[in-house]
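When reading the values below, keep in mind they use all heavy atoms of this one structure, side chains included, and skip hydrogens, waters and symmetry mates. Treat the numbers as computed from the prediction; the structure is a model and nothing was measured.
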Amino acid sequence: VSEGSIAARYGLQPGMEILEVEGKPTGTWQQVLNRVIAHLGDKELSLKLKKIDEHEPREILLNLESFSLNKGQDPLAALGLEVMQPKLPP
């Protein structure tokens, strides 16, 4: 989650897993991307997510009224979302 981003303003934190976008399950990062793209231009975006150390998921509604996307910009990066890439031992 990028500091100062829409995602950060709504309480998303590094390590949270996105379980659903607009009520549809997301098992992969590609599914998250596809579902976000499908809702570009909407005023709001609903996410269900969970922190690794929490048992119950929570829902957040992102207000996208002021969201804009530049040509060629990754929609997830524009929202402040980044793929978590844990460091693996060599």
Side-chain angles (χ1 to χ4, degrees):
V1 176
S2 302
E3 190 175 317
S5 66
I6 291 174
R9 286 195 305 264
Y10 282 88
L12 276 77
Q13 301 169 2
M16 289 183 137
E17 178 183 3
I18 299 173
L19 304 171
E20 295 179 3
V21 174
E22 289 296 323
K24 295 189 175 155
T26 53
T28 67
W29 192 245
Q30 187 64 45
Q31 288 177 327
V32 172
L33 176 62
N34 291 342
R35 290 199 175 58
V36 168
I37 288 172
H39 292 279
L40 289 177
D42 290 1
K43 292 182 179 185
E44 299 175 323
L45 183 69
S46 170
L47 300 177
K48 183 182 276 188
L49 33 92
K50 183 172 89 69
K51 286 179 76 172
I52 293 170
D53 59 347
E54 291 179 343
H55 296 288
E56 293 298 317
R58 60 175 107 167
E59 287 197 44
I60 344 181
L61 194 58
L62 302 178
N63 181 329
L64 301 180
E65 289 188 61
S66 63
F67 176 71
S68 63
L69 189 62
N70 298 322
K71 185 176 181 178
Q73 187 177 19
D74 175 358
L76 298 179
L79 289 170
L81 301 173
E82 300 172 12
V83 177
M84 186 175 130
Q85 299 176 342
K87 293 182 181 179
L88 300 175

Q: Output every pair passing side chain to side chain donor-acceptor pair (under 3.5 Å) with a member in residues 61-76, not counting sequence neighbours, ordered by first then second residue.
A: none
Q: Start with the C-alpha gap between Leu79 and Leu12, add the side-chain angles, then the distance that decides, and say whether side-chain contact (heavy atoms from CB on, under 4.5 Å) holds.
A: CA-CA 11 Å; Leu79 289 170; Leu12 276 77; over 6 Å; no
Q) Does Ile18 reach the side chain of Leu81, with side-chain heavy atoms less than 4.5 Å apart? A) yes
Q: Scan residues 4-27 for pairs that pass side chain to side chain donor-acceptor pair (under 3.5 Å), counting only residues two or more places apart or in two chains.
A: Gln13-Lys51
**Q.** Results of salt bridge (Lys or Arg N to Asp or Glu O under 4.0 Å) for Glu54 - residues two or more places apart only
**A.** Arg58
Q. According to a 4.5 Å side-chain heavy-atom criterion applied to Ile, Leu, Val, Met, Phe, Trp and Tyr, with indirect links allowed, do Leu76 and Ile60 form part of one hydrophobic cluster?
A. yes
Q | Same apolar cluster: Met16 and Ile52, side chain cutoff 4.5 Å | A | no
Q | Cluster check Leu19, Leu62: I/L/V/M/F/W/Y, side chain < 4.5 angstrom | A | no
Q | Pairs where residues 31-47 contributes a residue and the test side chain to side chain donor-acceptor pair (under 3.5 Å) is met, not counting sequence neighbours | A | Gln30-Asn34, His39-Asp42
Q. Among the clusters formed by ILVMFWY side chains lying less than 4.5 Å apart, do Trp29 and Ile6 turn up in the same one?
A. yes
Q: Name all residues meeting the side-chain contact (heavy atoms from CB on, under 4.5 Å) criterion together with Pro75; count only those two or more places apart in sequence or in a different chain, and write none if there are none.
A: Leu33, Val36, Ile37, Leu40, Leu69
